[in-house]
Amino acid sequence: MLEVKNLSKVYDGDVQALKNVSFTVNQGEFLAVIGLSGSGKSTLLRCINRLIEPTEGQILWKGQDVTAASQDEMRRIRRKIGMVFQHFNLVSRSRVITNVLAGRLGYVNPMMSALNLFPKSDIEMALAQLDRVGIMNQAYKRADELSGGQQQRVGIARAMMQEPAMILADEPVASLDPVLAHSIMQYLEKINKESGVTVLCSLHFLDLVHRYADRAIALNDGVLMFDGPPSEIDDEKFREIYGKDAERVG
Amino acid sequence: MKKSSSLIKSISVGLVTLLVLVILAYGFTVTNINFEETRSERRVASLTRILRALAHPRIFDYEYKEEDVEIPFYLGCPEGGVEFPEVNRSEAFIVASVACAEPKETIVVEGYNFQENSSGPINFIGFSADAPEGVPLQMGSFQADAQGNFRVEVTVPNRQIKEDPQAIRATGRVRVGSPTISRDAQVTWEKIVETVFMALLATTFGTLMSIPISFFAARNLMSDIKIPLSNISLSLVGWPLGMWLGLKANQILVNLLSPLFNSFIPTLAGTIILPILGFLFIKWILSKQDEDAELKLKDRFVNLLYTIAAAILVFASILFVGKLLIQIGIYLTLDKEAPLYFIRRFIFQVGDIIIMLLPAISALVGGGLFGGLFGKFGQTISDRIAPATGKIINLIITPIAGAAIAVLILQGVDWFYQFNNPDITLYWPAGIGAGIGLAFAIKASPKRSLPIGIVLYGIIRTILNGTRSVEALVMAIVFVAWVGLGPFAGALALGLHTVAALAKLYSEQVESILEGPLEAIQATGANRLQTIVFAVVPQIIPPYISFTMYRWDINVRMSTIIGFVGGGGIGFVLQQNINLLNYRAASVNMLAIAIVVSLMDYISSKIREKYV
Ligand SMILES: Nc1ncnc2c1ncn2[C@@H]1O[C@H](COP(=O)(O)OP(=O)(O)OP(=O)(O)O)[C@@H](O)[C@H]1O
Ligand SMILES: [Mg+2]
């Protein structure tokens, strides 16, 4: 469903964040992206929906070349790819329901939505999504009044409003405590297993990878080092990915 | 090594000090600093007079009962001395300790039988051939006790000695009746209200204008606007064409509908029917639109027709509303003495402003419509058509766009300089513009996107910086020439300056918003407008409120002096009073300014505290 071919990204200032990365993501898969800090995980995820312009290479989304898509086409592609962020990226002064409804922006009429007018069905859908992540009673609070875990649930609800075929999650649990981390990961798992949404999720902790991912890819300094089931990451692989001196924890 | 460097340092410090001294000395010369003058007796006296007047703002008028008592007095004792003057002891009278004195001598003046608690000046009256009625010169003042008696020491003035008798006059005053608000205070009140509202209007309209501008002046929003050349050139052609069409459409529509505006009923009917029609029509269009569908060329054309029809309906609705307001306003203001006249007048003015703005609105709408449409077409060329063909199309349209823009710019310049020469205003710019366009078309690949956003950002920033560097006072001079003396000119000048200043402050706030939410909203597939409304606006509301309050504060300050150049408000009367040496009235004006400014300062800082 998603094919990344020879993707490279060079930031201004000559930082080569991705070097010739190629992999595919299959429909319905839960794919983890691992690697050290600075290895290019965020860059990779952002290139897929072109929040960052790739320097070279191709990204095929259901056969369509994302890198060559026009603005209108990009809008259509993006709205089918939900995104969840490490720092939630909610609009903190807006209400929770508004943040969730923002997930519909790719579908609704631009003029009407600019006046904050959404179809009734969308509002019902937003409440239902909030209910699904267990915070419907917080719908009319301001987003910054919520705890971190609750905010990430809002982030997931927003992504789900897009009726996505895939969710890109960039370290969705890195700013949460372990208990909350599991609960958020379970939501993603539920979305993946029950709704059949493909998940592409960058993670820091290997135990989370083992517990939730079907497959993992690993980046080291922008180079793809590993592509396979998490169980195949043995000590040797681990050192390849994380460097010679790395100690395995957890 | 170390020593020599510290020596150099000392020498350079010395040189800098010397330089500063020279600059200061030069500054003293060019600013005519003259402390001798400031110490001269005449200057000190006039300063004292002004400061004393300023310390007595004429806020209340009192009625006084006044009595003058005069006795002859000799300046310079004649040989053989003089007799003490006779006084009538049954009325108020004064006696001096001496009947004659040398200049600068201190004498005692006693007064009896004055009105209880009365007070007033004691004047020396100098008679001369030029002034037979006498010139008073104040020697001192007195305050009578409860019996109406007083005793004060006064100094005889330093005047020329005269043989003829001069006089000492005591003027006793008591207030009668209750104080009334002085004429000066009334005028001041009227004018300070005018001032505050001038600032309010300037701030309101300035804010409304600068909000959209600030988005275009924000680097982070503009830097990723990159569009291919075919899009740029077609937009550049589409905008002026659309604006012209919009203006024409406006004229035609106004002419077409104008018979309806002669009487009230059709105007009213139109005002009710057209908006409903427009609303239903737009709703119908929206219901028909399917965001998912790929649009074919025919659909796009039909959509364009719908959009134009909707625009005309909306436009006609606005026209009717404006005309209706004018008619109601005129009817309501027939009687100039009617209560709440200003509200009646306001109805008329709102209608008038709507009608006045209509051509501008229709030009903008037309420009936006056609610019957008052409641009979209250009985008399609770049997206869909093979590079070679795209290149050829660019080679044709970009020179046209360049020529069109260059000619338009030169037409604008021509308005200022009146060349009246088609060589300068038509042929040369068309040629040069086309040349530049051609160069771009040859150089830029048809598929590559050009960073037009950052160019636009640069242009807008430059215009804002230029406008901001012109003082509001200078702008007021221009506006006074255009709309005449009065607060309207002041409000326009302040408004324009507000736009320039606020747009910059605002845009800096936009530049400092969090990237995260912006990214998240973009990732949902939101377009640019939606991204701004959902990710940018919520983040900038608090600083925008705070800066608006800050500006409102500045505008009140500015509006108090904008009258100095004819901009209306309190400054206008203040300047008059100063010119007429009417310092006690000026003092009232200044007092009002001080109160209003500090009040504004307080309120705005309170409100800002709440939002920061
Ligand atoms: N906007 C940018 N401009 C320049 N260089 C950047 C930019 N963003 C990231 N980089 C660089 O690109 C490389 C990859 O960064 P990236 O954020 O993708 O890593 P990451 O794997 O997500 O790290 P982390 O786990 O810390 O989030 C790093 O060396 C980083 O410094
Ligand atoms: Mg990252």
Side-chain angles (χ1 to χ4, degrees), chain A residues 42 45-46 48-53 68-95 98-117 119 142-144 155 158-159 161-162 164 167-168 170, chain B residues 223-228 231 282-283 285-295 300 307 310 375-376 378-385 447-449 513-545 611:
Chain A
S42 302
L45 293 186
R46 279 170 171 70
I48 289 173
N49 61 358
R50 266 178 68 191
L51 287 178
I52 296 176
E53 288 295 329
S70 72
Q71 260 179 21
D72 283 350
E73 287 163 349
M74 209 49 233
R75 185 173 186 218
R76 275 175 240 276
I77 294 170
R78 274 183 183 164
R79 71 184 184 190
K80 278 292 173 191
I81 304 178
M83 196 157 184
V84 178
F85 302 84
Q86 174 181 358
H87 299 290
F88 327 131
N89 288 1
L90 301 183
V91 182
S92 55
R93 295 182 56 87
S94 294
R95 286 185 305 184
T98 314
N99 271 288
V100 178
L101 278 170
R104 293 304 290 172
L105 289 176
Y107 293 90
V108 295
N109 180 283
M111 290 315 268
M112 299 298 264
S113 66
L115 299 172
N116 213 345
L117 296 173
R142 260 174 59 157
D144 55 3
R158 175 172 66 191
M161 287 297 282
Q162 294 175 231
I167 284 188
L168 302 172
D170 188 8
Chain B
S223 62
D224 56 338
I225 299 184
K226 290 180 183 158
I227 52 180
N231 184 339
I282 291 174
K283 214 171 158 180
I285 299 178
L286 288 181
S287 73
K288 262 179 61 88
Q289 257 178 1
D290 183 1
E291 287 288 320
D292 285 317
E294 277 288 339
L295 291 179
R300 284 191 191 270
T307 315
K376 221 164 188 164
Q379 186 71 43
T380 318
I381 291 177
S382 161
D383 290 344
R384 298 278 155 77
I385 292 180
K447 292 270 177 201
R448 225 191 70 210
S449 295
I513 61 169
L514 295 175
E515 272 294 317
L518 199 69
E519 208 178 28
I521 299 293
Q522 276 170 351
T524 65
N527 68 12
R528 195 161 289 278
L529 175 71
Q530 290 171 321
T531 309
I532 288 181
V533 172
F534 280 81
V536 180
V537 170
Q539 295 197 54
I540 52 177
I541 286 176
Y544 270 40
I545 291 178
Y611 281 98

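Note that these values count all heavy atoms, side chains included, but never hydrogens, waters or copies made by symmetry. By convention in this document, chain letters (A, B, ...) are assigned in the order of the sequence lines, proteins followed by strands, and residues within each chain are numbered from 1.
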If we define contacts as heavy-atom pairs under 4.5 Å, which of A:Ala159, A:Gly103, A:Ser92, A:Ser113 has the most with chain B? A:Ser113
Results of ring pair (Phe, Tyr, Trp, His ring centres under 6.0 Å) for B:Phe534 - residues two or more places apart only: A:Phe118
Tell me, side chain or backbone of [X] under 4.5 Å from chain B's heavy atoms, or both, or neither?
X        : result
A:Arg104 : neither
A:Leu115 : neither
A:Asp72  : side chain
A:Arg158 : side chain
A:Leu90  : backbone
A:Met112 : side chain

Whatever's closer than 4.5 Å to a heavy atom in chain A on B:Lys376 counts as side chain
Between B:Glu519 and A:Met83, is there a side-chain heavy-atom distance shorter than 4.5 Å? no
First locate atom CD1 of A:Ile81, then atom CZ of A:Arg50, and finally report the distance between them rounded to the nearest 0.5 Å.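 Rounded to the nearest 0.5 Å, the CD1-CZ separation comes out at 11.5 Å.
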Hey, what do you get for CG (A:Leu105) to CE (A:Met161), rounding to the nearest 0.5 Å? 9.5 Å
For the interface with chain A, which of B:Ala526, B:Pro538, B:Ala523, B:Ala535 has the highest count of heavy-atom pairs at distances below 4.5 Å? B:Ala523
Can you name the residues that form a side chain to side chain contact (heavy atoms under 4.5 Å, CB included) with A:Gln86, not counting sequence neighbours? A:Glu171, A:Ala174, A:Ser175
Main-chain N/O of B:Leu514 paired with B:Gln539 side-chain donor or acceptor, under 3.5 Å: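 Flag set: sc B:Gln539 to bb B:Leu514 pair under 3.5 Å.
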Does atom CD of A:Glu53 have more than 12 heavy-atom neighbours from other groups under 6.0 Å away? yes
